[in-house]
Novice: 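Sharing a structure here in structure tokens format.
In what follows, chains are A, B, ... by sequence order, proteins preceding strands, each numbered from 1.
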Amino acid sequence: DAGVIQSPRHEVTEMGQEVTLRCKPISGHDYLFWYRQTMMRGLELLIYFNNNVPIDDSGMPEDRFSAKMPNASFSTLKIQPSEPRDSAVYFCASSRETGNSGANVLTFGAGSRLTVL
Amino acid sequence: KQEVTQIPAALSVPEGENLVLNCSFTDSAIYNLQWFRQDPGKGLTSLLLIQSSQREQTSGRLNASLDKSSGRSTLYIAASQPGDSATYLCAVRLRNAGKSTFGDGTTLTVKP
């Protein structure tokens, strides 16, 4: 299993540009989470999906942020327009609810480090 | 709203020492609790997950315990090594909730 795959690993962009972060969860996982990590605020949950349906987006900071999960193997987090305060590491994580081994274990991707100039 | 606290924020110990990291939570109606390790500039690696019905979990030199009534979990690391230096985070998931709440972590430094 390749684990949770995120791209890009690093993104440097200028203020006002659109940023799209991508995530491929572990096959068979039915939950997908987007987190943001900064030194000031720690790890924050932005949004999570269950079976491709958004369940809780209360952590999305503002309308500039949007997330989609068109199918079980792909999700995107989009920021448009981006601002310097969006600079952070964005993590995607997935888990599965059922099964004898490994159920409920939250598995993280390596993260996407975003710098907005 | 579940609040998760990890104290201390940082801990420095000499190599070989046994140590305990603490995680406190305010709502005892939890579903599970998970301990993670994060190395600088890296993602989070799962160490141990304790289900609500369990009291402890062990993996190698690591032992995690759970006391729901007191709202506490501890991560015990035996015979610490410099390679154990990292930030350790706990995450608590409530019943009837799909998401987990994270503490701010304890940054551990093990000196050779």
Novice: Heavy-atom distance under 4.5 Å to chain A: side chain of Leu49(B), backbone, both or neither?
Specialist: side chain
Novice: Which residues in residues 108-117 of chain A have a heavy atom less than 4.5 Å from any heavy atom of chain B?
Specialist: Phe108(A), Gly109(A), Ala110(A), Arg113(A)
Novice: Spell out the residues in residues 33-41 of chain A that have some non-hydrogen atom less than 4.5 Å away from a non-hydrogen atom of chain B, in order of number; otherwise answer 'none'.
Specialist: Phe33(A), Tyr35(A), Gln37(A)
Novice: Provide the closest heavy-atom pair for Ser24(B) versus Arg72(B) in the form atom of the first, atom of the second, distance.
Specialist: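 Nearest pair, atom of Ser24(B) first, then Arg72(B): OG-CG, 4.1 Å.
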Novice: Does the pair Arg55(B)/Asp67(B) count as a salt bridge with the N-to-O cut at 4.0 Å?
Specialist: no
Novice: Is it true that Gln6(B) and Asn22(B) share a donor-acceptor pair across their side chains at a distance under 3.5 Å?
Specialist: no
Novice: State yes or no: do Val92(B) and Leu62(B) share one hydrophobic cluster built from I, L, V, M, F, W and Y residues joined by side-chain heavy-atom distances below 4.5 Å, directly or via other members?
Specialist: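 Result: yes, single cluster for both.
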Novice: So which heavy atom on Glu15(B) is nearest to which on Val110(B), and how close?
Specialist: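 The answer is CA-CG1, 3.6 Å.
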Novice: CD of Glu14(A): more than 12 outside heavy atoms within 6.0 angstrom?
Specialist: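 Open: at most 12 neighbouring heavy atoms sit under 6.0 Å from CD of Glu14(A).
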Novice: Heavy-atom distances under 4.5 Å only: say whether Lys42(B) touches chain A with side chain, backbone, both or neither.
Specialist: backbone
Novice: Is there a salt bridge (Lys or Arg N to Asp or Glu O under 4.0 Å) between Glu17(B) and Arg61(B) once you walk through the steps?
Specialist: CA-CA 12 Å; Glu17(B) 191 163 298; Arg61(B) 294 183 293 110; over 6 Å; no
Novice: Looking at Gly43(B), Ser46(B), Ser100(B), which has the largest count of heavy-atom pairs under 4.5 Å with chain A?
Specialist: Gly43(B)
Novice: Can you name the residues of residues 75-93 of chain A that have some heavy atom under 4.5 Å away from a heavy atom in chain B?
Specialist: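 Expected list: Phe91(A).
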Novice: Only pairs of heavy atoms separated by less than 4.5 Å count here; which of Gly105(B), Gly98(B), Gly103(B) has the most with chain A?
Specialist: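 Of the options given, most contacts go to Gly98(B).
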Novice: Between Asn104(A) and Ser95(A), is there a side-chain donor-acceptor contact under 3.5 Å, judged purely by atom types and distance?
Specialist: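 No, Asn104(A) and Ser95(A) have no side-chain donor paired with an acceptor closer than 3.5 Å.
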Novice: Between Tyr31(A) and Arg93(B), is there a cation-pi geometry (under 6.0 Å to ring centre, at most 45° from the normal)?
Specialist: yes
Novice: Could you tell me which residues in residues 42-68 of chain A have at least one non-hydrogen atom under 4.5 Å from a non-hydrogen atom of chain B, sorted by residue number?
Specialist: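 Within residues 42-68 of chain A, the residues that come under 4.5 Å of chain B (heavy atoms only) are Leu43(A), Leu45(A), Tyr48(A), Asp56(A), Ser58(A).
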